[in-house]
2 protein chains.
Amino acid sequence: MLRLMQTSHEAVIVKKRGRGRPPKSADERNESMRRGELVKVAAQLFRQRGFHGTSTRDIAAAAGMQSGSIFYFFESKEAILHAVMQDGMTQAAVSQDAALQALGARANGVERLSALVRNHLQIMVGGESDFIPVMLYEWRLLSDAQRMEVSAQKDAYEAQWMPALQALHRTGKLKARPEIARLLIFGALNWTAQWFTEGRGLTLDELTEQALALFIGER
Amino acid sequence: MLRLMQTSHEAVIVKKRGRGRPPKSADERNESMRRGELVKVAAQLFRQRGFHGTSTRDIAAAAGMQSGSIFYFFESKEAILHAVMQDGMTQAAVSQDAALQALGARANGVERLSALVRNHLQIMVGGESDFIPVMLYEWRLLSDAQRMEVSAQKDAYEAQWMPALQALHRTGKLKARPEIARLLIFGALNWTAQWFTEGRGLTLDELTEQALALFIGER
DNA sequence: CCTACCGATCGGTAGG
DNA sequence: CCTACCGATCGGTAGG
């Protein structure tokens, strides 16, 4: 796990595939690609069957590997779950940043909340990503240290909702306290993963519209 | 599983512990009590550690039995989960009926929704029952037949919300369509199991108040 | 209900 | 990355 590198003046301990060093060689590029594929198929399986309902053999087979090979890329099954959640939160943050950027600085509270709700629903039920649903429903399986890491990403993601909610509260369109509203709203949106199927009676835009109507009485 | 009883004129097949026959003898009373205890401790463990995170040995130990003895009462681990959900829905329905009865017939939409929200939150986070949280988060682990049975109970429970939501929609206090509002509202309330801890900053009544404020702009 | 046990599966590892 | 394998755990059962 640790590699000892001898330089002219000192001994330096470098973590394999550590954060600070971008992949360089062709080998390393391939390795990180395969790793990413594993995370992706694991996310799909975890979403469909749950973490405990998916064996490491299932993941390996779905990625076209032998069962033991997974542990060349991850030190444990739990580490795969952690990676799924980290990648998912990173994706979600990127997507949310883009949605807010597209709005411009002069957007009002209704427009901002509308964009945030729409983006979050897209992630939850849009079928493009399995990461967030897994994160939400397998949360407790992480170790304390892992949970703290992902929590930090989640907190940053959710914090971006507060300006919009506070603005809406000030103008009287949101009657609940912004902090509590945030928690209840995320509940309502996250739960859609349980019942919403795209194209069955309700489109994503209509769902967004109904959610806005429920929370602030307009869209 | 089946017991053959010989009467004077015919052979009758009677299901052991079938629905139609209430327990009679002292043995049967004890047996159904022990069964109920098992369901209760299983609900606690399932809520804390999840279905897959709980072994049948854990359940047996918590009930003061040997590991094999559980299968005298239940034919499988899955059957215990099913029983947890059935008992939970039955409890929830009783509690909800009582809450609605207490209101009287002249209650308006706001009062009705308020009572329903308060009762549901009480079940979710009140600490008295572990059944509903288990039901909501381990839903997909049931077999199709089991899920259909519990679904019927759940549908009846949720149907009782519709008159209140429709009345509020008519008077313009609820802006979203009642059917979609119901789904989003249950999401918001069910999700509280993830973040709400009684007595930490927010009481159950305050939470009810905030939820009502969010959904219909008043309490 | 208990005792004693089985077969299957699972996460993970050594060595290449 | 693969092969070959291990120890632990698990749901469930036979027989009393």
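Just so we're on the same page: letters track the sequence lines, and every chain starts at 1. Hydrogens, waters and symmetry mates play no part in the numbers below; they use all other heavy atoms, side chains included.
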Would you sketch DNA chain C in dot-bracket for me? Only Watson-Crick or G-U wobble pairs with both distances under 3.5 Å count, crossing pairs as [ ], other-strand pairs as |, the rest as dots.
||||||||||||||||
What residue pairs, at least two apart or across chains, pass side-chain hydrogen bond (donor to acceptor under 3.5 Å, both in side chains) with a residue in residues 59-71 of chain A?
none
Does anything in residues 77-95 of chain A pair up under salt bridge (charged side-chain N to carboxylate O under 4.0 Å, His left out), and if so which pairs, sequence neighbours excluded?
none
Round to the nearest Å and state the distance from L45(A) atom CG to dC10(C) atom C1'.
16 Å
Contacts satisfying ring pair (Phe, Tyr, Trp, His ring centres under 6.0 Å) that involve residues 131-150 of chain B (not counting sequence neighbours) are W191(A)-Y137(B)
Under a 3.5 Å cutoff, is there a donor and acceptor pairing between the side chains of T90(A) and Q153(A)?
yes
Rounded interatomic separation in angstrom, taking NZ from K77(A) and P from dT9(C)
15 Å
How long is the line joining CZ of F71(A) and C1' of dA14(C), in whole Å?
14 Å
Could you work out which one of dC2(C), dT13(D), dC1(D) sits closest to the side chain of F73(A)?
dC1(D)
Atom OH of Y72(B) and atom P of dT3(C): how far apart are they, to the nearest Å?
17 Å
Rounded to whole Å, how long is the line connecting atom CD1 of I70(B) with atom C1' of dC10(D)?
12 Å
Side chains of D205(B) and T208(B): do they bring a donor and an acceptor to under 3.5 Å?
no
May I ask you to decide if L103(B)'s main-chain N or O and R112(B)'s side chain share a donor-acceptor pair within less than 3.5 Å?
no
Taking only distance into account, with no hydrogens and no angle test, what donor-acceptor pairs under 3.5 Å do side-chain atoms of residues 156-165 of chain B form with protein atoms, sequence neighbours excluded?
residue, atom, partner, partner atom, Å
Y157(B), OH, Q96(B), OE1, 3.4
Y157(B), OH, H120(B), ND1, 2.8
E158(B), OE1, R182(B), NE, 3.2
E158(B), OE1, R182(B), NH2, 2.8
Q160(B), OE1, Q96(B), NE2, 3.2
Q160(B), NE2, D97(B), OD1, 3.4
W161(B), NE1, Q96(B), OE1, 3.0

If you take any heavy atom closer than 4.0 Å to DNA chain D, which residues from residues 49-67 of chain B end up in contact?
T54(B), S55(B), T56(B), R57(B)
